**Q** 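Submitted below is the structure of interest, expressed as structure tokens.
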Amino acid sequence: MIKQAGTSKFQIDLRRHLRSQNICDNLVHLMCEIAEASKYVINAVRTGDLGVAGTSNLYGEEQLALDVLSDRIMRKRLIHSGVVCNIASEEMDEIYQCQANADGLYSVAYDPLDGSSLVDVNLAVGTIVSIYAGSELLQPGRNQVAAMYILYGPRVSLVYTVGDGVHEFTMNNLMEYTLTRENIRMKPEGDIYAPGGLRNKYTEGNEKFIRHLEDKGCKLRYSGGFVPDINQVLLKGKGLFMYPALQGSPNGKLRVLFELNPMAFIVEHAGGAASTGTIPILDLQPESLDQRAPVYIGCAEDVKTAVAFVNGK
Ligand code: AFP
């Protein structure tokens with residue numbers, strides 16, 4: 001553990017902090033390469049074309065020019081890193097193999113620009129990254145060796161875990177990521193909630209749960225962007241995000257590989273929890289790249305209460 005963040009005159013940069021973790025050089029190098037890629041994604045978000053790309057992704061959704069550009073930036077950087085075996089992106093239809101031999105290498109699943117439809121209304125968006133050792137991407141999220149997200153908001157911040165604490169870095173005016181919060185911990189129960197999906201499609205259990213949160217005085221905080229919404233719950237250390245099963249869409253909306261696994265890995269290592277309403281997100285065995293699942297993620301007691309309501313408390 002490094003001296004308390006922000007108290008020393010020395011700014012602790014990402015590479016130095018990663019080196020202080022008990023992880024191998026290849027993983028340090030990979031995570032620093034992803035941080036470097038985010039500097040080009042920022043530029044694209046701030047100045048790039050806000051129009052459509054004229055193509056559609058794995059889900060048949062229309063791709064924005066920013067989706068395609070940020071995906072290309074991330075993919076090139078991951079290939080260039082030399083330590084990646086397989087890549088899966090929310091914007092690509094299938095797994096891309098960089099190297100056949102997976103010894104000592106990693107496989108990466110990422111959402112290059114989650115919430116991209118919010119950029120043209122100037123709301124915060126983010127990049128989400130999930131890392132596994134070896135070649136296999138379709139495995140339970142609990143096997144991740146690292147997860148990180150980069151939030152492009154009023155400030156640019158990066159949050160990561162390698163399974164030993166959750167740490168936040170903020171970009172300084174030299175475009176370097178320096179440590180701002182170390183070993184972030186969530187409280188057992190919270191006072192904010194972020195409910196995704198159409199309320200008139202909520203099941204009775206979910207509707208009762210929302211009323212329970214409102215009765216206990218929780219404030220609604222939902223931006224429509226998974227990364228800023230999770231960042232708020234995580235850094236305030238008190239709250240819950242949910243995108244439940246809806247009438248007509250039993251698996252909700254969010255994607256297991258690109259969104260749920262990395263965020264669940266981060267939140268669980270900050271003392272929170274993440275559930276489908278039936279099992280922990282990290283115990284899910286993904287069957288396909290485009291698999292979706294309902295999610296309740298945040299303070300452990302709030303997630304437990306959600307599961308109870310959803311299962312007919
Ligand atoms: P987009 O990437 O299509 O903007 O979707 C964003 C997202 O995947 C996630 O960031 C949000 O939490 C969720 O979808 C918002 O969904 P609703 O628009 O249904 O609220």
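Counting starts at 1 for both ligands and their atoms, following the listed order. Computed from a predicted model, the values in this text were never measured in an experiment.
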**Q** Would you please name every residue forming a side chain to side chain donor-acceptor pair (under 3.5 Å) with Ser117, sequence neighbours left out?
**A**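 Ser117 satisfies side chain to side chain donor-acceptor pair (under 3.5 Å) with no other residue.
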**Q** Do you see a donor-acceptor pair shorter than 3.5 Å between the side chains of Asn172 and Thr178?
**A**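 No pair is found: no donor N or O on one side chain lies under 3.5 Å from an acceptor on the other.
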**Q** Check the side chains of Asp71 and Ser89 for a donor-acceptor pair under 3.5 angstrom, ignoring hydrogens and angles.
**A**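 Yes - a donor-acceptor pair under 3.5 Å links their side chains.
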**Q** May I have all residue pairs that pass salt bridge (charged side-chain N to carboxylate O under 4.0 Å, His left out) and include part of residues 232-249, sequence neighbours excluded?
**A**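 Listed once each, the pairs are Asp191-Lys238.
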**Q** Does a salt bridge link Lys187 with Glu301, judged by any charged N lying under 4.0 Å from a carboxylate O?
**A**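 No.
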**Q** Show the protein residues that qualify under the rule heavy atom under 4.0 Å from an atom of ligand 1, listing them in chain and number order.
**A**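 Heavy-atom contacts below 4.0 Å: Asp114, Gly115, Ser116, Ser117, Tyr222, Gly224, Gly225, Phe226, Phe241, Tyr243, Lys253, Leu254, Arg255, Glu259.
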**Q** Among pairs that include at least one residue of residues 268-280, which meet side chain to side chain donor-acceptor pair (under 3.5 Å), considering only residues two or more places apart or in two chains?
**A**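 Pairs touching residues 268-280 that pass the test: Arg142-Glu268.
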